[in-house]
Amino acid sequence: MLSYTSIIYALFFFFLCIVFQIHRWRRCKYPILTDYPIFGMIIPLLWNLPRVHDFITQLLKKQHRNTCEFMGPWFTSMNYLVTSDPINLHHMLSKSFDNYVKGHEYHEIFEAFGDGIFNTDSETWKYNRSLFHSILKIRDFEMFQKKIIQNKLEKSLIPLLDHVQQQGSVVDLQDVFNRFTFDNICSVVLGCDPNCLSIDFPDVACEKAFNQIEEGIFYRHKVPKSVWKLQKWLQIGEEKNMTKACKTYDQFVYANIKSKREELSKCRKNNEMVDLLTTLMKEEKGSQVVMHDDKFLRDVAFNLFVAGRDTITSALTWLFYLIATHPLVEAKILEEIKENFGTINIEKKLGIDELKKLVYLHGAICEALRLFPPIPFERKQAIKGDILPSGHIVNPNTIILFFLYSMGRFEEIWGKDCLEFKPERWISERGGIVHTPSYKFISYNAGPRTCLGKDLSFIQIKMTTIAILSKYCVQVVDGHVPILSHSIVLLMKNGLKVRITKREI
Ligand code: HEM
């Protein structure tokens, strides 16, 4: 039998080891993950939680082929294979696509996504993918979306920035973009504009609920499943907020679905391109209308909100931060706009083909997406055992995390200047865009699940950037250092505080 004294000695020794290890992490340039009894490798991760993305990047840089195992605390099912090796990703996302799925656990963690495209595999995913493809990839939809954005830029964003500039006040540009993209996505998906973007910065419950859900999903990655499940059951902490936020979102969307159904029952004959919900409600197979139930429409809406809204907010926020802190890049973007279109004013509507001429701006957007990918990490689950090209063994059901954020910061992929914001790296000698394989420039994913909104996103980002930059100078407030958020979308935790001044032409 163990005596109390020996137990106390054992505990004392154990904690001494931890203190010693913490001391080493602090002094060591590269983090070392020790696999402790009971705790696994969670302690250094928790210790570095405030800078988790950079911590993981440094860790992966030191591993063979940027790949390692992460062992969570005992009995928590938090063991992962972590990789950011492009060849491994090519293998998982393309070559052995069928073996690497989102899986059951993903479905649980991302339950707010319902049975939408992001959250499903096999036949349900295929159905969703072809449905989204048939809508998002048609020219009419591109034009419809462009019209909504143009309208929002003219009627809301520019007047708001004008007001901020006249007041001389500091504004959180990320909040502005959040409101801008929320109004846009509501118009595109639901056909209604909640007018979040206005000079009195109204509190819109659904918009807040949405952000809350995304933070809640990130939280479910940080703690063992048993912990968040218990919190959910007891309705406490982050899980309580999540339930409340989901309820708010559902109320908002179901109310929209109801009124759309009523509207449609009164008048069905209209072939104009309209919002997505109406398009789906009017969908026909042969001469029969396809009946999608309310839950299906709710899930479609939720998935598109995440796909087409937060990603754009994130991309715009980081792009403006990088432009504002790189005056030479800003000057070159403005020069390119002038060279192609003369002096720009917001009323001058640029066509999609005209936007494609802006190669330097395209390069700047790619750079922002490389350094700050809106979706900073993804997860997959293996169905069968496998060996990755890096030689790492994958057992059946292994969960694999891959970090898009880290991949933008590897010298092996981008060269010694990988941490610099250099739009030039995207421009070929002949003045076109350099093609980089999607498993290296991974921000839009790769393989059969590649993002369906890539072209749409470039249109939106270019239109918004031209509208703002040609009228205003954006200056980051002195001393404001952006902090990466803990969410499934890479935002700034402390927003982007800027001053706006009129650009002298
Ligand atoms: C800068 C903007 C964007 C970025 C960086 C981006 C990135 C991504 C990424 C990384 C994925 C894979 C996610 C996963 O499988 O977990 C994805 C999927 C997807 N994206 Fe985007 N996205 C952007 C904008 C958009 C827009 C504007 C739309 C549509 C309006 C869109 C529609 C989709 C859809 C439908 C999928 C699901 C594809 C599938 O699973 O088959 N995205 N996107």
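Order of listing sets the numbers, starting from 1, for every ligand and every atom in it.
In terms of protein heavy atoms, atom 13 (C) of ligand 1 is closest to Phe118 CE2, 3.5 Å. Protein heavy atom at the shortest distance from atom 22 (N) of ligand 1 is Cys451 SG, 3.1 Å. When hydrogens are left out, the protein atom nearest atom 4 (C) of ligand 1 is Tyr444 CE2, 3.5 Å; that is the closest non-hydrogen contact. In terms of protein heavy-atom proximity, atom 16 (O) of ligand 1 is nearest to Lys102 NZ, 2.7 Å. Protein heavy atom in closest approach to atom 27 (C) of ligand 1: Gly308 CA, 3.6 Å. The shortest contact between atom 11 (C) of ligand 1 and any protein heavy atom is with Asn445 CB, 4.0 Å. Nearest non-hydrogen protein atom to atom 9 (C) of ligand 1 is Ile375 CD1, 3.7 Å. The single protein non-hydrogen atom nearest to atom 38 (C) of ligand 1 is Arg129 NH1, 3.3 Å, given as residue, atom name and distance.
Taken from CG in Asn395 to NZ in Lys384, the straight-line distance is 14.5 Å, to the nearest 0.5 Å. Rounded to the nearest 0.5 angstrom, Gln460 CD and Asp455 CG are separated by 12.0 Å.
A donor atom on one side chain and an acceptor atom on the other are found under 3.5 Å apart for Thr83 and Asn88. When only modelled atom types and interatomic distance are considered, Lys356 and His362 share no side-chain donor-acceptor pair under 3.5 Å. Under 3.5 Å, the side chains of Asp121 and His107 contain no donor-acceptor pair of N or O atoms.
At least one N/O-N/O distance between Arg449 and ligand 1 falls below 3.5 Å. Considering backbone and side-chain N/O of Trp125, one or more are found under 3.5 Å from N/O of ligand 1.
Under a 4.0 angstrom heavy-atom cut-off, Arg309 registers as lying outside contact with ligand 1.
Remark: Arg409 is positioned above the aromatic ring of Phe372, its terminal NZ or CZ atom under 6.0 angstrom from the ring centre and at most 45 degrees off the axis.
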Could you please spell out the steps behind the ring pair (Phe, Tyr, Trp, His ring centres under 6.0 Å) verdict for Trp125 and Phe113? CA-CA 13 Å; Trp125 166 71; Phe113 284 68; over 10 Å; no
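At a heavy-atom cutoff of 4.0 Å, ligand 1 is contacted by no atom of Lys454, backbone or side chain. The side chain of Tyr106, and not its backbone, has at least one atom closer than 4.0 Å to an atom of ligand 1 (non-hydrogen atoms only; side chain from C-beta on). Under 4.0 angstrom from ligand 1, the non-hydrogen atoms of Pro374 all belong to its side chain.
Ring to ring, His221 and Phe110 are close: their centroids are under 6.0 angstrom apart. Ring centers of Phe210 and Phe302: under 6.0 Å apart, within the cut-off.
Heavy-atom proximity to atom 30 (C) of ligand 1, evaluated over Leu304, Thr450, Asp455, Ile117, is greatest for Leu304.
Salt-bridge annotation for Asp299 and Lys295: present, with a side-chain N of the basic residue lying under 4.0 Å from a carboxylate O of the acidic one.
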